[in-house]
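The block underneath contains the structure these notes are about, expressed in structure tokens.
Not measured: the values here are computed from a predicted model.
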Amino acid sequence: EIHERLVGSEMCIRDRLGNEQGLLSMKLDGLSIILTYENGELVKALTRGNGEIGEVITNNAKTFVNIPGRIQYTGTLIVRGEALIRYSDFEELNKQENVEEQYKNPRNLCSGSVRQLNNEITAKRRVHFYAYNIISIGDEISFTKKKEGLSWLVKQGFEVAPYREVSASNIEDMITYFSNYVKQSDLPSDGLVLTFDDVAYSCLLYTSDAADD
């Protein structure tokens, strides 16, 4: 399905990339979450909310299966990613809790789970977190490439959304790769995301687009 949706726009994607390198990643189908770490500890977790005001879910986020409660970096770090419930866990929960009557898919169950008043319930739902990108980090650390930031997050203990490096020459092959990959993946996904790897170039385009608006 992913390949069918994108095949008609591959020429536009290649033109958009030009001579630049990009990162093609799975668009995970869960709940967008922003995490803040200070002094190496998770101090705040927010949902996207209505796009302007998020909902604080810090206590629940600390129960996520794979979230690092403590990292080596002691400065202020803000990370954006996706909270989700894997297909295998969703199926198991349906057997144990009969949640299918209330939640028809992993995304709805995840959304309800992270907003629980009782974080023991959240813990039982086996919510995972996959990082997309670094929103903010201290001035003592900088990355020229987005993939450098993702590799750094992995070293800090985060799992990142599955991605591949792409260029205009291999973008079609990588779209085909992901169209096959998602069929056997345990992670819910509803598309792909293409970003430029060069951080400065991405910021330049963002500034240019904002000025045009």
Side-chain angles (χ1 to χ4, degrees), residues 1-2 5-6 23-38 41-71 77-136 149-150 153-154 156-163 178-179 181-195:
E1 294 181 0
I2 288 177
R5 291 200 300 269
L6 291 178
L23 299 181
L24 187 67
S25 62
M26 290 174 63
K27 182 178 179 293
L28 300 176
D29 190 18
L31 190 66
S32 182
I33 301 290
I34 296 176
L35 305 178
T36 299
Y37 286 79
E38 293 180 355
E41 295 185 0
L42 176 63
V43 296
K44 183 182 292 186
L46 295 172
T47 68
R48 185 178 180 181
N50 60 9
E52 296 181 359
I53 300 176
E55 183 178 350
V56 178
I57 58 160
T58 310
N59 288 335
N60 288 344
K62 290 180 178 179
T63 71
F64 291 179
V65 174
N66 63 339
I67 202 169
R70 186 168 187 82
I71 60 177
L77 170 68
I78 303 177
V79 180
R80 184 178 72 88
E82 198 85 355
L84 59 82
I85 292 177
R86 301 178 305 180
Y87 285 126
S88 58
D89 290 324
F90 180 69
E91 293 174 2
E92 188 63 28
L93 285 165
N94 275 339
K95 297 176 183 177
Q96 297 176 0
E97 302 183 24
N98 195 28
V99 296
E100 189 173 9
E101 295 181 1
Q102 299 177 0
Y103 303 102
K104 301 300 183 182
N105 54 61
R107 186 184 190 281
N108 289 346
L109 177 59
C110 179
S111 179
S113 298
V114 301
R115 293 184 170 93
Q116 286 287 333
L117 297 179
N118 182 353
N119 66 1
E120 292 182 0
I121 296 177
T122 305
K124 292 179 181 178
R125 300 284 173 80
R126 297 188 57 78
V127 180
H128 286 69
F129 176 84
Y130 293 87
Y132 282 140
N133 63 283
I134 296 172
I135 295 178
S136 177
L150 293 175
L153 286 174
V154 171
Q156 296 298 312
F158 292 94
E159 291 191 61
V160 301
Y163 74 93
F178 273 112
S179 69
Y181 179 84
V182 297
K183 294 176 183 178
Q184 50 83 36
S185 176
D186 202 21
L187 307 180
S189 174
D190 60 352
L192 298 174
V193 177
L194 175 65
T195 60

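- For the pair Thr47 and Ile33, the minimum side-chain heavy-atom distance is below 4.5 Å.
- Heavy-atom minimum distance, Tyr130 versus Ala161: CB-N, 4.0 Å.
- Rounded to the nearest 0.5 angstrom, Arg80 CZ and Ile134 CD1 are separated by 12.5 Å.
- His128 pairs with exactly one of Asp186, Leu187, Ile67, Asp89 by the side-chain contact (heavy atoms from CB on, under 4.5 Å) rule, that one being Asp89.
- For the pair Asp29/Leu84, no side-chain contact is recorded, criterion being any heavy-atom separation below 4.5 Å from C-beta on.
- Between Ser111 and Leu31, the closest heavy-atom pair is CA-CD2, 4.2 Å.
- In this structure, Lys104 NZ and Leu109 CG are separated by 12.5 Å, a value rounded to the nearest 0.5 Å.
- Shown are Leu153, Val193, Val79, Leu28; of these, the side-chain contact (heavy atoms from CB on, under 4.5 Å) with Tyr132 is made only by Leu28.
- The two residues Arg86 and Pro188 come nearest to each other via the heavy atoms CA-CD, 4.3 Å.
- Atom CG in Leu24 sits 6.0 Å away from atom CG in Leu194 (nearest 0.5 Å).
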Could you pull out all donor-acceptor pairs under 3.5 Å where a side-chain atom in residues 56-65 meets a protein atom, sequence neighbours excluded?
{"residue": "Thr58", "atom": "OG1", "partner": "Ala45", "partner atom": "N", "Å": "3.0"}
{"residue": "Asn60", "atom": "OD1", "partner": "Thr122", "partner atom": "OG1", "Å": "3.4"}
{"residue": "Asn60", "atom": "ND2", "partner": "Val114", "partner atom": "O", "Å": "2.7"}
{"residue": "Asn60", "atom": "ND2", "partner": "Gln116", "partner atom": "O", "Å": "2.8"}
{"residue": "Thr63", "atom": "OG1", "partner": "Asn60", "partner atom": "O", "Å": "2.6"}

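- For the atom pair Ile135 CD1 and Ile34 CD1, the distance stands at 4.0 Å (nearest 0.5 Å).
- The backbone N or O of Phe129 lies less than 3.5 Å from a partner atom in the side chain of Asn66, making a donor-acceptor pair.
- In this structure a side-chain-to-backbone donor-acceptor pair under 3.5 Å is missing from Tyr163 to Leu150.
- Gln156 and Pro68 make their closest contact through O-CB, 4.1 Å (heavy atoms, listed as atom of the first residue, atom of the second, distance).
- Between the OG atom of Ser136 and the CG atom of Asn133 there is a distance of 11.5 Å, given to the nearest 0.5 Å.
- Looking at Arg107, its side chain does come within 3.5 Å of a backbone N or O of Gly30 through a donor-acceptor pair.
- Taking Asn119 as the reference, nothing meets the side chain to side chain donor-acceptor pair (under 3.5 Å) condition, with sequence neighbours excluded.
- Of the listed residues (Leu192, Val182, Asp190), just one forms a side-chain contact (heavy atoms from CB on, under 4.5 Å) with Lys27, and that residue is Asp190.
- Tyr181 meets the ring pair (Phe, Tyr, Trp, His ring centres under 6.0 Å) test with Tyr177; sequence neighbours excluded.
- Contact detail for Gly69 and Tyr37: the closest heavy-atom pair is O-CE2, 4.1 Å.
- Using a 4.5 Å cut-off on side-chain heavy atoms (C-beta onward), Cys110 and Arg125 make no contact.
- Heavy-atom minimum distance, Ser189 versus Tyr87: N-OH, 4.3 Å.
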